[in-house]
2 protein chains.
Amino acid sequence: MRPTKRDELVQKALQTFYRNGFQATGMDMLVAESGISKTSMYKHFRTKEDLILAVLRLRDEQFRNWLYRRMEEKAGTPQQQLIAMFDALEEWFDEPGYKGCMFIKASSEYQDASHPIHKQSADHKRMLESHITNLAEQAGMENPGALARQLLILKEGAIVTAHMGHTDNPAKDAKAAAIQLVKNHSP
Amino acid sequence: MRPTKRDELVQKALQTFYRNGFQATGMDMLVAESGISKTSMYKHFRTKEDLILAVLRLRDEQFRNWLYRRMEEKAGTPQQQLIAMFDALEEWFDEPGYKGCMFIKASSEYQDASHPIHKQSADHKRMLESHITNLAEQAGMENPGALARQLLILKEGAIVTAHMGHTDNPAKDAKAAAIQLVKNHSP
DNA sequence: TGTTATATGTACCGATCAGTAAATCTAGGC
DNA sequence: GCCTAGATTTACTGATCGGTACATATAACA
């Protein structure tokens with residue numbers, strides 16, 4: 001079991017794909033930036049698409065772990081966690097090198113709904129929806145499913161608005177909206 | 001003044017880019033799908049980037065005209081128009097071949113904020129924000145700028161959620177949220 | 001009839017694309 | 001010391017990329 005090299009490749013590819021895009025990044029660029037030979041890459045992944053799918057799996061794990069932990073650190077109750085999601089997003093948007101959501105970009109570059117990369121991106125969003133719906137249930141909200149979907153629409157909208165860069169602080173705007181929605185869904 | 005051929009090219013390129021993506025569409029594919037020779041294309045546009053910028057200008061004009069007219073047709077008062085935006089979005093999402101927002105995709109494929117394609121995409125969003133803010137002012141809303149930004153975050157979120165396809169009817173969810181936000185901003 | 005602007009087809013450019021072949025190097029297990 | 005497995009470099013494939021050269025065709029206008 002030598003997990004090192006393969007994981008190192010996926011980690012480096014994630015950074016390059018995020019910074020440079022999927023289609024715009026050639027395998028030769030990955031060789032140059034990761035220091036791993038092309039032959040080794042194709043030993044681990046049969047195609048570029050397989051590598052991208054592995055990158056998205058890693059990103060899904062990293063992002064959900066980070067978001068859920070940050071929401072818990074910032075708030076005590078489930079209801080407060082729903083609002084704290086937007087404080088966590090603001091931290092993310094302010095990071096240098098922020099370039100939007102990797103899954104939105106993936107499904108934008110591979111836009112056919114039947115494409116494996118598109119489907120796996122949609123899976124990530126489904127898992128987020130499941131978690132937020134659970135939180136809304138724990139918080140005793142009325143219609144937790146609908147509230148979760150509304151909050152996640154705010155989240156996606158804030159992510160793309162922050163990436164477009166035409167607005168000062170979309171996380172703050174989304175948070176203000178979220179507070180009203182949560183209040184209106186409280187019993 | 002012969003506007004025909006050039007406009008025909010831009011119109012055809014718009015369809016192909018929207019269906020197939022920007023980077024994934026080569027100039028040879030545009031030749032095949034438009035029936036216009038490559039030499040003529042490069043007479044009208046010096047680079048592929050110039051053609052994309054012209055396509056985005058056309059799309060901006062088409063989309064804003066369509067959205068504003070549809071909002072007016074569906075509602076009488078400015079306040080009702082704000083809500084009707086989400087009914088118009090639902091019509092759009094239900095169209096066959098819906099593939100998300102062209103400007104989100106453009107800024108996702110050309111993600112550097114200093115890139116002309118990214119900047120022009122942000123301009124489109126700025127013009128939408130200006131129009132919605134005006135409507136919110138005409139409707140006598142409190143803090144019309146903040147309400148407009150919130151509604152537009154809902155719009156962008158619904159657009160990407162509809163494209164991901166993991167949710168049934170994001171336009172309906174966004175509309176329900178918008179109704180609450182407008183109500184809370186009413187004097 | 002001659003001029004000019006715009007269109008065309010075809011063939012090409014160097015660079016890059018994803019992916020492969022083959023020979024060599026390196027390290028750990030026995 | 002030897003064997004094996006994984007990693008390496010180098011060179012290569014055919015296809016496609018954005019963009020160009022060049023010679024020709026068409027049609028309006030003078």
Side-chain angles (χ1 to χ4, degrees), chain A residues 1-57 105-106 108-112 115-118 120, chain B residues 1-57 102 105-106 108-112 114-118 120:
Chain A
M1 283 299 126
R2 289 282 312 282
T4 347
K5 274 289 178 200
R6 182 194 157 109
D7 292 358
E8 192 180 323
L9 166 60
V10 177
Q11 175 67 37
K12 275 287 184 186
L14 190 153
Q15 296 171 19
T16 305
F17 280 135
Y18 184 69
R19 175 171 24 87
N20 203 60
F22 294 99
Q23 318 229 42
T25 300
M27 300 303 275
D28 292 311
M29 187 186 294
L30 292 179
V31 170
E33 297 212 3
S34 71
I36 292 168
S37 73
K38 204 187 235 189
T39 317
S40 299
M41 290 182 179
Y42 279 96
K43 286 270 162 58
H44 289 299
F45 302 98
R46 284 176 41 260
T47 63
K48 182 185 184 183
E49 181 179 314
D50 283 352
L51 173 58
I52 292 178
L53 290 172
V55 163
L56 291 181
R57 271 189 292 274
K105 290 196 309 204
S108 174
E109 291 199 41
Y110 304 91
Q111 48 181 345
D112 193 351
H115 195 291
I117 292 177
H118 191 110
Q120 190 164 312
Chain B
M1 284 296 126
R2 289 282 312 283
T4 346
K5 274 288 178 202
R6 181 194 158 110
D7 292 358
E8 192 180 323
L9 166 59
V10 176
Q11 176 66 36
K12 275 287 184 186
L14 168 62
Q15 297 171 18
T16 305
F17 280 135
Y18 184 70
R19 175 172 24 86
N20 202 59
F22 294 99
Q23 319 231 40
T25 299
M27 300 301 278
D28 292 312
M29 187 186 295
L30 292 179
V31 170
E33 299 212 3
S34 71
I36 293 168
S37 73
K38 206 186 227 187
T39 315
S40 300
M41 289 182 181
Y42 280 95
K43 286 270 163 57
H44 289 300
F45 302 99
R46 283 176 41 261
T47 63
K48 183 184 184 184
E49 182 180 313
D50 283 351
L51 173 58
I52 292 177
L53 290 173
V55 163
L56 292 181
R57 270 189 293 272
M102 195 154 204
K105 289 194 313 201
S108 174
E109 292 200 42
Y110 304 89
Q111 48 181 345
D112 193 351
S114 66
H115 195 290
I117 293 178
H118 191 111
Q120 190 164 313

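The model shown is predicted, which means the values in this text are computed figures rather than measured ones.
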Quick one: list whatever passes side-chain hydrogen bond (donor to acceptor under 3.5 Å, both in side chains) with [X], sequence neighbours left out.
{"X": "B:Ser34", "answer": "none"}
{"X": "A:Gln111", "answer": "B:Lys105"}
{"X": "A:Ser40", "answer": "A:Ser37"}

Can you tell me how far [atom2] of [N] sits from [atom1] of [X], to the nearest Å?
{"X": "B:Met41", "N": "C:dG9", "atom1": "CE", "atom2": "P", "answer": "11 Å"}
{"X": "B:Glu8", "N": "C:dA7", "atom1": "CD", "atom2": "P", "answer": "10 Å"}
{"X": "A:Lys38", "N": "C:dA18", "atom1": "NZ", "atom2": "P", "answer": "8 Å"}
{"X": "A:Phe45", "N": "C:dG19", "atom1": "CZ", "atom2": "C1'", "answer": "16 Å"}
{"X": "A:Ile36", "N": "D:dG6", "atom1": "CD1", "atom2": "P", "answer": "16 Å"}
{"X": "B:Asp7", "N": "C:dT6", "atom1": "CG", "atom2": "P", "answer": "14 Å"}

### Task
Could you check which residues of residues 12-27 of chain A get a heavy atom under 4.0 Å from DNA chain C? Sort them by number, please.
A:Thr25, A:Gly26, A:Met27
### Query
Under the side-chain contact (heavy atoms from CB on, under 4.5 Å) criterion, do B:Met41 and B:Lys48 qualify, and how do the steps go?
CA-CA 9 Å; B:Met41 289 182 181; B:Lys48 183 184 184 184; over 6 Å; no
## Note on the structure
Applying ring-ring contact (aromatic ring centres under 6.0 Å, His included) to A:Tyr18 and not counting sequence neighbours gives none
### Task
Applying side-chain contact (heavy atoms from CB on, under 4.5 Å), name anything that partners B:Gln23, two or more places apart in sequence or on another chain.
A:Gln23, A:Ala24, B:Glu109, B:Tyr110
### Task
Consider the side chain of A:Tyr42, meaning its heavy atoms from C-beta on, and name the nucleotide among C:dT20, C:dG9, D:dG19 that approaches it most closely.
C:dT20
### Query
For the atom pair NE2 (A:His44) and CD (A:Glu8), what is the distance rounded to the nearest 0.5 Å?
10.0 Å
### Query
Atom CG in A:Leu30, atom OG1 in A:Thr16: separation rounded to 0.5 Å?
5.5 Å
Enumerate all atom pairs, one protein N or O and one N or O from nucleotides 21-25 of chain C, separated by less than 3.5 Å.
residue, atom, partner, partner atom, Å
C:dA21, N6, A:Thr39, OG1, 3.3

### Message
Please tell me if A:His44 has a side-chain N or O lying less than 4.0 Å from either OP1 or OP2 of D:dA7.
### Response
yes
### Query
Once you build an axis from the first five pairs and another from the last five of the helix from C:dT8-D:dA23 to C:dC30-D:dG1, how far apart in angle are they, to 10 degrees?
10°
### Message
Could you check whether any side-chain N or O of B:Gln120 sits under 3.5 Å from a backbone N or O of B:Leu53, counting only pairs where one atom can act as donor and the other as acceptor?
### Response
yes
### Sequence neighbours excluded, every pair satisfying salt bridge (Lys or Arg N to Asp or Glu O under 4.0 Å) that has a member inside residues 31-42 of chain B
B:Arg19-B:Glu33, B:Asp28-B:Lys38
### Task
Applying side-chain contact (heavy atoms from CB on, under 4.5 Å), run through A:Phe22 and A:Leu51 and close with a yes or a no.
CA-CA 11 Å; A:Phe22 294 99; A:Leu51 173 58; over 6 Å; no
### Query
Near DNA chain D, which residues from residues 46-56 of chain B have a heavy atom under 4.0 Å away?
B:Thr47, B:Lys48
### Query
Which residues pass the salt bridge (charged side-chain N to carboxylate O under 4.0 Å, His left out) test with B:Asp112, sequence neighbours left out?
none
### Message
If you assign B:Ser40 and A:Asp28 each to the DNA chain C nucleotide with the nearest heavy atom, which residue ends up on the more 5' nucleotide?
### Response
B:Ser40
#### Entry: A:Ile36 and A:Lys12, any side-chain heavy atoms less than 4.5 Å apart
no
### Task
Indicate the atoms forming the closest heavy-atom contact of B:Ala54 with B:Phe45, along with that distance.
CB-CE2, 3.5 Å
